[in-house]
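One structure is given here, and the rest of the page talks about it.
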Amino acid sequence: MTKYIAYYRVSTKAQGDSGLGLEAQKNLVAPYAGDVVHSFTEIESGKKDNRPQLEAALGMCRELGAAILIAKIDRLSRDAAFLLTLRKSGVDIVAADMPNAGTLEFGVRAVVAQHEREEISRRTKAALAAARDRGTKLGSPNPSAGGRASGATRRAKTQALAAKVLPTITALRDGGASYASIANRLNETGVKPANGNTWHSTTVRNLMVAA
């Protein structure tokens, strides 16, 4: 019976603390739960190849003769060369969303993961540049601006927050960014929503509606 070492990756500490992204990965891996002997969680961008937790997971795989288990290929990396090199490292890689993938399918998915990363980056840069050209001021509000409030005060704070972050949110949406990716970006800046400490896709969407 195959043993698995589960590896999860989230891009920001906020995601790790809140379970945002991590929970979805664990749900995909759940069918293998009975055969998972250990798990590692990395908080790091998919663009970076320096992964202490991944190295530890691979080391344990070699020691136990286990396979590394991931939710999706892009949780390992969004760099095709890195993924293909890892594929040849001597450790079996099993992606829960495509458990029977052969070398060809793995290679195609690796290239697609890198292409998606490059496209998101290109669209975001283009949208922000276009917003700047239109004279839109992009930036983050003071993190303390969005505190807890009630009634009219809460509404006023929400509108004040929206006035400062909506230009950035709109620019990112124009560039094709999802609500979830916009929430991740706001979390990385340390900006707090009007209520709570963490942005989620619903928080971003609700702010746009409220504004």
Side-chain angles (χ1 to χ4, degrees), residues 1-62 64-124 176-185 187-188 200-202 204-205:
M1 183 177 294
T2 303
K3 297 177 184 177
Y4 297 101
I5 305 298
Y7 174 77
Y8 308 107
R9 182 184 64 78
V10 290
S11 298
T12 68
K13 186 177 186 302
Q15 286 182 323
D17 291 343
S18 68
L20 184 65
L22 185 58
E23 183 177 354
Q25 293 176 58
K26 289 184 175 180
N27 287 339
L28 281 173
V29 168
Y32 298 83
D35 299 317
V36 174
V37 297
H38 197 71
S39 65
F40 293 85
T41 299
E42 194 102 64
I43 301 176
E44 187 56 85
S45 167
K47 297 183 289 186
K48 296 185 178 180
D49 296 341
N50 182 21
R51 311 275 186 78
Q53 294 301 307
L54 178 57
E55 288 300 321
L58 292 171
M60 185 173 286
C61 285
R62 296 185 183 100
L64 300 178
I68 190 165
L69 176 64
I70 54 177
K72 300 171 64 178
I73 282 181
D74 64 10
R75 293 302 87 197
L76 275 180
S77 178
R78 286 185 178 273
D79 183 289
F82 178 81
L83 286 167
L84 295 174
T85 298
L86 193 60
R87 178 78 167 182
K88 299 177 182 178
S89 68
V91 174
D92 288 337
I93 300 173
V94 176
D97 69 331
M98 41 177 263
N100 300 313
T103 300
L104 177 61
E105 186 175 0
F106 186 93
V108 170
R109 290 289 292 273
V111 172
V112 169
Q114 177 168 321
H115 175 71
E116 289 175 344
R117 183 194 79 189
E118 293 170 349
E119 280 298 292
I120 290 172
S121 176
R122 182 188 64 78
R123 289 197 301 266
T124 299
S178 66
Y179 288 118
S181 65
I182 294 172
N184 292 343
R185 177 149 184 164
N187 284 326
E188 289 172 352
H200 302 280
S201 58
T202 52
V204 176
R205 184 166 54 248

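- Here the CG-OH distance, from L69 to Y8, works out to 7.0 Å after rounding to the nearest 0.5 Å.
- Proximity of T41 to Q53: side-chain heavy atoms (C-beta onward) are nowhere separated by under 4.5 Å.
- The minimum heavy-atom distance between S181 and A177, with the atom names listed, is OG-CB, 3.4 Å.
- The CG atom of D97 sits 7.0 Å away from atom CD1 of I73, with the distance rounded to the nearest 0.5 Å.
- For the atom pair I182 CD1 and R205 CZ, the distance stands at 11.0 Å (nearest 0.5 Å).
- The line from CG of L58 to CD1 of I93 is 7.5 Å long, rounded to the nearest 0.5 Å.
- Nearest heavy-atom pair, S201 versus A183, reported as atom, atom and distance to 0.1 Å: N-CB, 4.0 Å.
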Give every donor-acceptor pair under 3.5 Å between a side-chain atom in residues 25-39 and any protein atom, sequence neighbours left out.
from	atom 1	to	atom 2	distance (Å)
Q25	OE1	R9	N	3.2
Q25	NE2	R9	O	2.8
Q25	NE2	G21	O	3.4
N27	ND2	E23	O	3.4

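- A distance of 10.0 Å separates CG in L22 from CZ in R75, rounded to the nearest 0.5 Å.
- A 4.5 Å side-chain heavy-atom check between T2 and Y4 finds at least one atom pair inside the cut-off.
- Applying the side-chain hydrogen bond (donor to acceptor under 3.5 Å, both in side chains) criterion to Y7, with sequence neighbours excluded, gives E42, R51.
- Applying the side chain to side chain contact (heavy atoms under 4.5 Å, CB included) criterion to T85, with sequence neighbours excluded, gives no partner residue.
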